[in-house]
Amino acid sequence: MTAALSAHELIARHRSTLDQALEAIRTRAYWSPHPEHPKAYGEHGSLDAAAGKAAFDALLGTRLDLGQPGTDDWVGGETSPYGVDLGVTYPHADLDVLLPAMKAGQRAWRDAGAEQRAVVCLEILKRVSDRTHEFAHAVMHTSGQAFMMAFQAGGPHAQDRGLEAVAYAYVEQVRTPDNAEWTKPQGKRDPLAMTKQFTPVPRGIALVIGCNTFPTWNGYPGLFASLATGNAVLVKPHPRAVLPLALTVQVAREVLAEAGYDPNLMALAAERPGEGIAKTLATRPEIRIIDYTGSTEFGDWLEANARQAQVYTEKAGVNTVVVHSTGDYKGMLSNLAFSLSLYSGQMCTTPQNLLVPREGISTDQGPKSYDEVVADLAKSVDGLLGDDARANALLGAIVTPDVKARLEAAAGLGEVALASREITNPDFPGAVVRTPVIVKLDGAKPDAEAAYMSECFGPVSFAVAVDSASDAVELLRRTVREKGAMTVGAYTTDPEVEQDVREACLEEAAQLSLNLTGGVYVNQTAAFSDFHGSGGNPAASAALCDGAFVANRFRVVEVRREA
C-alpha cells in the first residue's frame, strides 16, 4: 500500500506532542494540546463555529459510506434528545466478511512498531480535533448534552483521554527493549552468549461497545489504547449515539490508508433497530479485547461470558458525598449544586447520596441542622437554575424516557426537599429538560435503604440523615464495597474524620475529592492527571488511564539465538 504520509513525516509532526504527553503522565501536572474554547478553532485547517455547524448539517439525511468490506445493508434511526431526526444511515456488516478483513492488516501494523503506531494515532486525533465544532454538534444531538458541554467533553476532553491512552500504551511497549545482548560467564569455559529480540504483539481484534451519554469521552480511551498496541478495532456504537463514533472511524480509516496501512484496522459495527449485536460480537473468537461503558447488568454479563477476551468495563455505581463540616458553607453549597445539575445528573460521576449527620454540621456561618443543610442546598440549586437560559446551558436534555421515569418516580421515595420542574428550550421545543430532585431519606429506616443503595441514574439525589460521622463513613464504605463508586466526595474540617474517609477510600479503592468549594467539581476529572475510576471496586474493572489499562492489550514475544 502506497503511503501518502511517510513515517518520517508523521514523527516530525507528532513526536513532540507525544513527548509532552509522556511528561504530563509522569508529573501529573496540567497539560492539554486541545483548546477548550470554541473561538480557538478556525485556523491551521480547523473548522470554526460556522463551518463546523455547516459540516454537521450537511451530514443530516445522508449515507455515511466508510468503504469497509462486508456491507450487507444500511441502518440508522438516531433521533436527537433535542427532537431532531438525524436521518444518517451507516453500513451494516456481515461479520464473517468484515472480521477476517480486519485481521489481515494486523501483521504490518504490528511490525510498524510502537512509535509509528503512536504517531498515526496522534494524526487521527489531530484531524478529529480540527473538526471539534462538527463533532460537538454530533455529540450534542446524540447524547443530549448542552452544546458547550458537548464541545468540551465530547471534543478536547475526549481527545485528551485518547492521547493519554496512546502515551500509556507507548510507555508500556517500550519498557522492554527491542534487542538485547545476553552473556553469562562460565568460569574457565567460554561464556554463553545470546542475542534476543522482543516484539510487542497484539491480542487480536478489539471491540469498543459505545455508550449513549459520552460516546467519544468514554469510547476514545479503549479505542486508542487498543489501536496503539497493534490491535484492529471494531467500534460498536450505542444505537442512539452512532454518529460521533462513526465519524471517528471515518477519520481513522483515512489516516491509516494515507500512512500506508490497511484501513480495515478500524471499522464500524452499526446495528438494525433491536438487533442487539453486542452479545454476538462479544463472544466471537476473533474478539480478544472488549471495552464497555454502560449498565452493570450487561457489564457483568460480558465479564462472565466473553471468556476469550480481555474485558474492561465501566459500569454503574452509587456515588457518595459525606457532609460533616465546612469552612466555606456557601462555596460547598454552590459546588454541590453545580455537581448535581451538570448534564441533568446523567454522568457516571454525579453524586447521588449526600450523607449528613442528623444533628447537623458545623460551618463558618455557625451550626446548621440537617434540615437547614438540605433546604439551603435546594435553594442553591434553585438559584443556579432559576434562569431558564442558564438552566438549559447546564442541564442539556434528558437522554432517554427511562431517565425521565426514574426522575418522576423518585419523588415518591421520601420527603421532597427540591421538586423537579420542567423547562422549555426555545431552540429545541422537542427537548425534555428537567431540573434535579432532592429527596430526604432517613438512613436508619430499612425502607429507605432500597433507594439509597441502588443507582438512580439521572437528576436524582438523596439527602440521607445518618447518626454520626462514623456512621457516614461506615455507610460510605459499605456502599463502595457492595455497589461501587466512580467518585467520592467529603466535606470536613476535622482531621480525624478526614483520615477516616481517606482510609475508607483507600481500602475500598474509590477516588476521593476533599472539600471542593471552587471551580473543580467531584464529577469532573482531568486527563493526564486524574484517574477516572480505579478498577478496584464494583463500579469499574479499569481506570482511565493507568498502565494496567493498556499493558494487557499486547504481549511480548521473544526470539532468541546463539550469538
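All heavy atoms count here, side chains included; hydrogens, waters and symmetry mates do not. Numbers here simply count residues along the sequence, with the first being 1.
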For E271, the option from R240, K279, K236 that meets salt bridge (charged side-chain N to carboxylate O under 4.0 Å, His left out) | K236
Nearest atoms (heavy-atom pairs only) where V75 meets A270 = CG2-CB, 3.7 Å
To the nearest 0.5 Å, what is the distance between CZ (R434) and CD1 (I423)?
-> 9.5 Å
Apply the test side-chain hydrogen bond (donor to acceptor under 3.5 Å, both in side chains) to residues T487 and T349: give CA-CA distance (whole Å), side-chain angles for both, the deciding distance (0.1 Å), then the verdict.
-> CA-CA 6 Å; T487 57; T349 50; 5.6 Å; no
Is S380 reaching over with its side chain to a backbone N or O of D376, donor-acceptor style, under 3.5 angstrom?
-> no
Donor-acceptor contact present, side-chain N218 to main-chain G210, <3.5 Å | no
Given salt bridge (charged side-chain N to carboxylate O under 4.0 Å, His left out), test R478 with E474 step by step and report yes or no.
-> CA-CA 6 Å; R478 178 187 161 208; E474 186 53 40; over 6 Å; no
With no hydrogens and no angle check, do the side chains of T517 and Y491 hold a donor and an acceptor under 3.5 Å apart?
-> no
Classify the side-chain pair Y343/N523 by whether it contains a donor and acceptor separated by less than 3.5 Å.
-> no
In terms of ring plane angle, is the pair W301 and F298 parallel, tilted or perpendicular, where the classes change at 30° and 60°?
-> parallel
Note: E314 and C348 closest approach over all heavy atoms is OE2-SG, 2.8 Å
In sequence, state the C-alpha distance, the side-chain angles, and the governing distance for D291 and F549, and then conclude on side chain to side chain contact (heavy atoms under 4.5 Å, CB included).
-> CA-CA 10 Å; D291 287 277; F549 185 68; 3.7 Å; yes
Can you see which heavy atom on P35 is nearest to which on A40, and at what distance?
-> CB-CB, 3.4 Å
Taking the side chain from Q308 and the backbone from A282, do they hold a donor-acceptor pair closer than 3.5 Å?
-> yes
From L441 atom CG to N353 atom CG, the distance as rounded to the nearest 0.5 Å | 8.0 Å
Do H157 and E36 have side-chain N/O donor and acceptor atoms under 3.5 Å apart?
-> yes
Non-hydrogen side-chain atoms of D530 and Q511 separated by less than 4.5 Å | no
Between the OG atom in S341 and the CG atom in D382, the distance rounded to the nearest 0.5 Å is 9.5 Å
F224 versus G162, closest heavy-atom pair with distance = CB-O, 3.7 Å
Can you tell me if N537 uses its side chain to pair, donor with acceptor, with the backbone of A485 under 3.5 Å?
-> yes
Between H141 and E78, does a side chain to side chain contact (heavy atoms under 4.5 Å, CB included) hold up when you go through it step by step?
-> CA-CA 9 Å; H141 284 288; E78 290 160 292; over 6 Å; no
State whether a side-chain donor-acceptor pair under 3.5 Å links T132 with Q159.
-> yes
Around R358, counting heavy atoms of other residues, nucleotides and ligands shown, do more than 12 lie under 6.0 Å from its CZ?
-> yes
Roughly how far apart are Q352 CD and L340 CG, rounded to 0.5 Å?
-> 10.5 Å
Just do the side chain to side chain contact (heavy atoms under 4.5 Å, CB included) check on I361 and Y329 with the steps written out, would you?
-> CA-CA 10 Å; I361 70 172; Y329 187 59; 4.3 Å; yes
Criterion side chain to side chain contact (heavy atoms under 4.5 Å, CB included) on M347 and M486, from CA distance to verdict | CA-CA 10 Å; M347 303 173 68; M486 295 300 293; over 6 Å; no
Check: Y82 side chain, G430 main-chain N or O, donor-acceptor pair, under 3.5 Å = no
Straight-line distance of Q310 CD to I290 CD1, nearest 0.5 Å = 10.0 Å
Please check if the side chain of R28 supplies one atom and the backbone of I25 the other of a donor-acceptor pair under 3.5 Å.
-> yes
Can any side-chain N or O of S32 pair as donor or acceptor with the backbone N or O of H34 at less than 3.5 Å?
-> yes
Could you tell me whether the side chain of L243 reaches within less than 4.5 Å of the side chain of Y90, counting heavy atoms only?
-> yes
Do the rings of Y521 and F338 sit parallel, tilted or perpendicular, given the 30° and 60° boundaries?
-> parallel
Here the pair of heavy atoms bringing A543 nearest to G533 is CB-O, 3.4 Å
Between T435 and R421, do the side chains contain an N or O donor and an N or O acceptor separated by less than 3.5 Å?
-> no
Kindly say whether the aromatic ring centers of F462 and Y452 come within a distance under 6.0 Å.
-> no
Apply the side-chain contact (heavy atoms from CB on, under 4.5 Å) test between V488 and each candidate in V322, L476, N319; give the one that qualifies.
-> L476
Taking the side chain as C-beta and beyond, is there a heavy-atom pair between T400 and F457 under 4.5 Å?
-> no
Gap separating the OG atom of S461 from the CG atom of L336, nearest 0.5 angstrom | 9.0 Å
Looking only at side chains, do R161 and T525 share a donor and an acceptor under 3.5 Å apart?
-> yes
V403 versus P459, closest heavy-atom pair with distance | CG1-CD, 3.9 Å
Close side-chain approach of W31 to L163, heavy-atom, < 4.5 Å = yes
